[in-house]
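Computed from a prediction, not measured in an experiment: that's the story for all the values here.
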Amino acid sequence: MEMFNELIKELRETANCYYGEICSHVETIEKAADTIELLQKKLEENKIGGWIPCSERLPEESGFYMVTKKIKETGNRFTGKSRFDTQKGWNDPLNFVDIVAWQPLPEVYHG
C-alpha cells in the first residue's frame, strides 16, 4: 500500500504546481489521485475476503449490508442482510443473533 501512498502524494504535489494557472490538467490529476485513494480503500476493506469484523470498525453510512450473523446460543454462523443505522447501530429482526462481520452489498445485476 506504500506504493499507492507515494503515487497519491506525487499526484497531489503535481496538481499543486499548476494551481493559479489556467490548466485543464489539474482536474485530471486530482481525479487520478482521488481514484487511487478510493481503490486503495476498497483493497484494504477486502483484505480478508471482503468481510470486515465489527470489532475492527462499523459502516460509516446508514443502509443495508451483507452480514455474518452468529447465533448466541450455539455459535453457528450464517450470512444474511441487515440494516445499519449510524445513530442506533445494527437493526436486525433476529434478536437471538450477534452480527460479527459485514461488507457492502454487491452491485445489482443489470444483465
Side-chain angles (χ1 to χ4, degrees):
M1 295 297 168
E2 187 60 33
M3 176 185 73
F4 287 126
N5 293 333
E6 289 298 318
L7 184 56
I8 293 165
K9 181 180 174 186
E10 185 177 339
L11 287 168
R12 300 265 187 234
E13 288 172 355
T14 303
N16 284 335
C17 290
Y18 289 105
Y19 279 121
E21 297 179 23
I22 299 175
C23 181
S24 62
H25 300 300
V26 171
E27 186 175 328
T28 302
I29 293 168
E30 288 179 338
K31 282 183 183 178
D34 292 343
T35 301
I36 293 168
E37 281 183 331
L38 178 64
L39 289 171
Q40 180 182 19
K41 183 178 179 183
K42 295 232 179 247
L43 283 171
E44 288 171 353
E45 288 175 355
N46 290 319
K47 66 183 174 190
I48 55 170
W51 291 106
I52 303 164
C54 292
S55 59
E56 283 186 15
R57 65 182 172 93
L58 295 172
E60 296 174 1
E61 298 178 9
S62 295
F64 284 94
Y65 293 88
M66 180 68 69
V67 296
T68 295
K69 302 177 184 188
K70 181 174 83 171
I71 299 173
K72 293 177 184 177
E73 284 191 24
T74 65
N76 292 343
R77 295 177 182 219
F78 62 97
T79 60
K81 185 171 79 169
S82 191
R83 178 154 174 50
F84 182 79
D85 183 293
T86 56
Q87 302 297 317
K88 300 176 184 175
W90 293 107
N91 182 10
D92 194 271
L94 304 175
N95 61 2
F96 59 88
V97 300
D98 288 321
I99 296 175
V100 295
W102 62 276
Q103 65 179 323
L105 290 175
E107 294 292 322
V108 175
Y109 175 71
H110 294 286

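Listed here is the closest heavy atom pair of Thr79 and Met66: CB-SD, 4.5 Å. Closest approach of Arg83 and Phe64 over heavy atoms only: CB-CE2, 3.7 Å. Shown here for Lys70 and Gly75, the closest heavy-atom pair between the two residues is CG-O, 3.5 Å.
Rounding to the nearest 0.5 angstrom, the gap separating the CZ atom in Phe84 from the CD1 atom in Ile99 is 9.5 Å. To the nearest 0.5 Å, the span separating CD1 on Ile52 from OG1 on Thr68 amounts to 11.0 Å. Between Glu13 atom CD and Ile8 atom CD1 the span is 12.0 Å, to the nearest 0.5 Å.
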Legend entry - Test side-chain contact (heavy atoms from CB on, under 4.5 Å) applied to Leu58 and Tyr65, step by step: CA-CA 11 Å; Leu58 295 172; Tyr65 293 88; over 6 Å; no

Inset, instruction - Run the numbers on Asp34 and Arg12 for side-chain contact (heavy atoms from CB on, under 4.5 Å), then give the verdict. - result: CA-CA 9 Å; Asp34 292 343; Arg12 300 265 187 234; 2.9 Å; yes

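A distance-only check finds a donor-acceptor pair linking the side chain of Ser62 to the backbone of Thr86 [under 3.5 Å].
Remark: Phe78 pairs with Lys69, Ile71, Leu94, Val97 by the side-chain contact (heavy atoms from CB on, under 4.5 Å) rule, at least two apart or across chains.
A salt bridge does not link Arg77 with Asp98: every distance from a Lys NZ or Arg NE/NH1/NH2 to an Asp or Glu carboxylate oxygen is 4.0 Å or more.
Other residues, nucleotides and ligands contribute at most 12 non-hydrogen atoms within 6.0 Å of the NZ atom of Lys81.
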